[in-house]
Visitor: 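Below are the structure tokens for one structure; questions will follow.
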Amino acid sequence: MEQITKDMLIGEIISGDFGIVEILAEAGMHCAGCPAAQQESLEEACEVHGMDADLLVEQINAYLDENR
């Protein structure tokens with residue numbers, strides 16, 4: 001999977017690399033099984049959970065860089 005952006009859907013991000021579920025869970029976003037994840041962008045989910053979308057994007061992309 002290439003780099004992710006905050007406008008990508010949670011479902012799309014997770015389907016690209018299931019290891020991202022752990023990053024989301026550690027951040028407090030337990031959305032892997034949530035039906036809303038299929039229709040919600042990472043940025044929208046971060047707003048709902050009071051998180052910094054840019055920081056989460058950095059963490060996910062760092063994980064992806066390490067696991068290529």
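Side chains are part of it too, since the values below use all heavy atoms of this structure and drop only hydrogens, waters and symmetry mates.
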Visitor: If a pair satisfies salt bridge (charged side-chain N to carboxylate O under 4.0 Å, His left out) and one of its residues is in residues 47-62, list it, with sequence neighbours excluded.
Guide: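 Listed by first then second residue: Lys6-Asp54.
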Visitor: Do Arg68 and Glu2 make a side-chain contact, defined as non-hydrogen atoms from C-beta onward lying under 4.5 Å apart?
Guide: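 Counting from C-beta outward, Arg68 and Glu2 do come under 4.5 Å.
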Visitor: Could you walk me through whether Leu24 and Ile13 pass the side chain to side chain contact (heavy atoms under 4.5 Å, CB included) test, one step at a time?
Guide: CA-CA 11 Å; Leu24 296 174; Ile13 293 168; 5.5 Å; no
Visitor: Under the side chain to side chain contact (heavy atoms under 4.5 Å, CB included) criterion, do His30 and Val21 qualify, and how do the steps go?
Guide: CA-CA 8 Å; His30 305 280; Val21 171; over 6 Å; no
Visitor: side-chain hydrogen bond (donor to acceptor under 3.5 Å, both in side chains) with Glu44: which residues, sequence neighbours excluded?
Guide: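 Result, side-chain hydrogen bond (donor to acceptor under 3.5 Å, both in side chains) vs Glu44: Ser41.
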Visitor: For Asn61, which residues count as a side chain to side chain contact (heavy atoms under 4.5 Å, CB included) partner, sequence neighbours excluded?
Guide: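 Scan of Asn61 (side chain to side chain contact (heavy atoms under 4.5 Å, CB included), adjacent residues dropped) gives Gln3, Ile4, Val57, Leu64.
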Visitor: What pair of heavy atoms forms the shortest contact from Ala53 to Cys46, and how long is it?
Guide: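 Taking every non-hydrogen atom into account, CA-SG, 3.6 Å.
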Visitor: Check whether more than 12 heavy atoms from other residues, nucleotides or ligands sit under 6.0 Å from atom CD of Glu12, and answer yes or no.
Guide: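 For Glu12, atom CD is crowded (more than 12 foreign heavy atoms under 6.0 Å).
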Visitor: Would you indicate whether the side-chain heavy atoms of Thr5 and Leu42 approach each other to under 4.5 Å?
Guide: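 No, every pair of side-chain atoms sits at 4.5 Å or beyond.
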Visitor: Applying side chain to side chain contact (heavy atoms under 4.5 Å, CB included), can you list everything that pairs with Ser15, at least two apart in sequence or on another chain?
Guide: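 Partners of Ser15 under the side chain to side chain contact (heavy atoms under 4.5 Å, CB included) test: none.
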Visitor: Rounded at 0.5 Å granularity, tell me how far CD in Gln59 sits from CD1 in Ile20.
Guide: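 Those atoms lie 12.0 Å apart.
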Visitor: CE/Met29 to CD/Glu26 distance, rounded to the nearest 0.5 angstrom?
Guide: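 The CD atom of Glu26 is 13.0 Å from CE of Met29, to the nearest 0.5 Å.
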Visitor: Any chance you could measure Glu40, atom CD, to Leu9, atom CG, to the nearest 0.5 Å?
Guide: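 The distance works out to 9.0 Å.
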Visitor: Apply side chain to side chain contact (heavy atoms under 4.5 Å, CB included) to Ala27 and list each qualifying residue two or more places apart in sequence or on a separate chain.
Guide: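 Side chain to side chain contact (heavy atoms under 4.5 Å, CB included) check on Ala27 returns Met51, Leu56.
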